[in-house]
Number of protein chains: 2
Amino acid sequence: MVTIRDVAKAAGVSLTTVSRAYNPKAVIRQSTRERILKLAHEMGYVPNLSARSLVTNQKFVLGVFFSNLRSGTPETFLSTVINSVYEVLPDDYLLSVNDIAHLSNFEARVQMRMAGVLVVSQSPDDDAFIQRLAQAQIPTVVINRDLEDPLSYNVCSDDRLGVYKAMQYLAQAGHQRVGMIAGLPSYTSAHQRRQGFDDGVADFGLTRVDAAMRPGNYSAQAGRKQMQAILDLPSDQRPTAVICADDDTAVGALRACYQAGVSVPAGMSVVGFDDSIYAAMSVPALTTVKKPIVQMATAGIAKLLALIAGEVDTVVHKEVIAPSLIVRESVLDRHK
Amino acid sequence: MVTIRDVAKAAGVSLTTVSRAYNPKAVIRQSTRERILKLAHEMGYVPNLSARSLVTNQKFVLGVFFSNLRSGTPETFLSTVINSVYEVLPDDYLLSVNDIAHLSNFEARVQMRMAGVLVVSQSPDDDAFIQRLAQAQIPTVVINRDLEDPLSYNVCSDDRLGVYKAMQYLAQAGHQRVGMIAGLPSYTSAHQRRQGFDDGVADFGLTRVDAAMRPGNYSAQAGRKQMQAILDLPSDQRPTAVICADDDTAVGALRACYQAGVSVPAGMSVVGFDDSIYAAMSVPALTTVKKPIVQMATAGIAKLLALIAGEVDTVVHKEVIAPSLIVRESVLDRHK
DNA sequence: ATGAAAGCGCTAACAG
DNA sequence: CTGTTAGCGCTTTCAT
């Protein structure tokens, strides 16, 4: 293993000079730096980060935490977020992927070793963890969930607006009677999506079909069961379109329609939320609100890197990104 | 920050003794060890791994590499593999997720810092990377792909057998005329799956419909296009069932049927491969061969940990796991 | 069974 | 602009 000493000897300078060559803001003659860097590279020298960490206390791992990797994390999140992180990750940093629900040894894994943490949060269950990060003074950015009382930087999407846009689209497509299969009441996003629904009904003069306002839990099972209940309604009492709290719910709803022999969108229109990978794959392909996960991840990681670099920004604590509507096949245009 | 010195002082022993308390195989009186460990814990002492690494050269990061996180990695792989790793990961290890196709700085990220690497390989493109790991003497296990000439431990699934099982099922369900939409010819798995098809045709007396033997590339687009071509055949020249090289292809095939007004499975049976997350979600739900990803990951990580621990095993270099058939709705039972 | 001392590879004052 | 020196927190001989 070639160390800084070997390089120093070969270059005919002291350890310190070599060390400085690797430190961008050290004062050193440009020509010496170049000469050393070139030589070091030829010799196959790679700085030992353990040694550096030991003296500087710097860390070279960036942590990404998901609420629960075993269930509930939309699969697209994982790869999308990881990719976004790598876009901008300094090339001596490692990216560690973790699961809040099953984390053990916070001290050794997180506190001692992570330069910063990006939390992709799905639920308030993560609050204890987020608080712990704050206490440990670890630079943290929370994305995906709207933090009520932000202890950390927070980048989230405007879910209310997303559903509102879907409602507008429904109205324009000539729908009048609408229903909704909701999300888990304990989730902030569920309320925001419901709010978008209510605002849409009010602003676009739609009719809320109370018997078609159903509870749900972000699962396909619930989506199926609740859509069955809606389809059990006499056809003149049914809504012509149903907004689902997420794509899983919507896919379940699609299945219920299929099994009941109701064609989508001819007999029932369905709208999802998230734009998960199977939204485009489903039959029919799902019209859905695309959660701006790429934008949240990109903005979040940029902020995190700035925090780590010490560029503190005490003003902006929350950033809200607008989602967009992806029109596919599951909503009928009643004007045609 | 509390260091080993502080603990030593508080316990009235030397640094060395505290260090020994943390080293399972050091000679130290049991009662002293317990006393020290308890005290250290109370004081909030956490061993500094940078310092330990510096002297022992041990590493405390386990790397998981995927062929390409931006495309081609079935989404389920990611979370499944990560979960399997955490099942057994020692709690002072970090898990780092990486992308072979976009890896930079091998030396600093991998060579200097990873105790071992689990490669979830999709294609021969990864061979250069695998070779590099071998050269760098990094404990490595490659899963998911059948390595022709294993430089590393290799855990893969018997894809031939998987398709063969599907063929058997088709035969039992009364199908006679069969076709296939294949995978990328450059992939070993494509050949193995094709072999399973051919073996199935031979052993179960099925009829291979040559006009329905189509190329593919593991994408829904290809699946759709190729199924369209199959559906363009006069109905008496069509196969009654088509095996797809993977679930993406199968989902595309499902769409083609839907658009052509051919109902699945009544008018056409479709079988996938992988058991990806949308296999259960599709309409109709896909009958498919489940790739034993959990088993591969579990076996692979166990082997990797053994390698890291220095328990070398020069005999077994490859482990092959049998996949299973998941019966859902996309195959017609022609006996009914 | 325990302690003293040396040193892992590097950075950070402090001099020059 | 460059070199000398003193550690960072820990493990490891070598004594005792």
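Order of the sequence lines fixes the chain letters, A, B, ..., with proteins taken first and strands second; residue numbering starts at 1 for each chain. FYI, side chains are in, hydrogens and waters are out, and symmetry mates aren't considered; it's all heavy atoms of this structure.
- Partners of A/Asp125 under the salt bridge (charged side-chain N to carboxylate O under 4.0 Å, His left out) rule, at least two apart in sequence or in another chain, do not exist in this structure.
- Distance CG (B/Leu54) to P (D/dG7): 17 Å, rounded to an integer number of Å.
- With axes fitted over five pairs at each extremity, the angle between the ends of the helix from C/dA1-D/dT16 to C/dG16-D/dC1 is 30° (10° resolution).
- Within residues 35-48 of chain A, no residue approaches DNA chain D, by heavy-atom distance under 4.0 Å.
- Only B/Thr16, B/Thr17, B/Arg20, listed by number, bring a heavy atom of residues 16-25 of chain B to less than 4.0 angstrom from any atom of DNA chain C.
- Summarising the geometry, the separation between CD1 on A/Ile28 and C1' on D/dG3 is reported as 12 Å, rounded to the nearest angstrom.
- Of all nucleotides in DNA chain C having an atom under 4.0 Å from a heavy atom of chain A, the first and last in 5' to 3' order are C/dG9 to C/dA13.
- No hydrogens or angles considered: a donor-acceptor pair under 3.5 Å links the side chains of A/Arg109 and A/Ser104.
- Contact detail for B/Val97 and B/Leu78: the closest heavy-atom pair is CG1-CD2, 4.2 Å.
- Here B/Thr32 lies in heavy-atom contact (under 4.0 Å) with sugar-phosphate atoms only.
- The distance between the ring centers of B/Tyr22 and B/Tyr45 falls below 6.0 angstrom.
- When only modelled atom types and interatomic distance are considered, B/Ser121 and B/Asn144 share no side-chain donor-acceptor pair under 3.5 Å.
- Contacts of A/Ser53 classified as side chain to side chain contact (heavy atoms under 4.5 Å, CB included), with partners at least two apart in sequence or in another chain: A/Phe60, B/Ser50.
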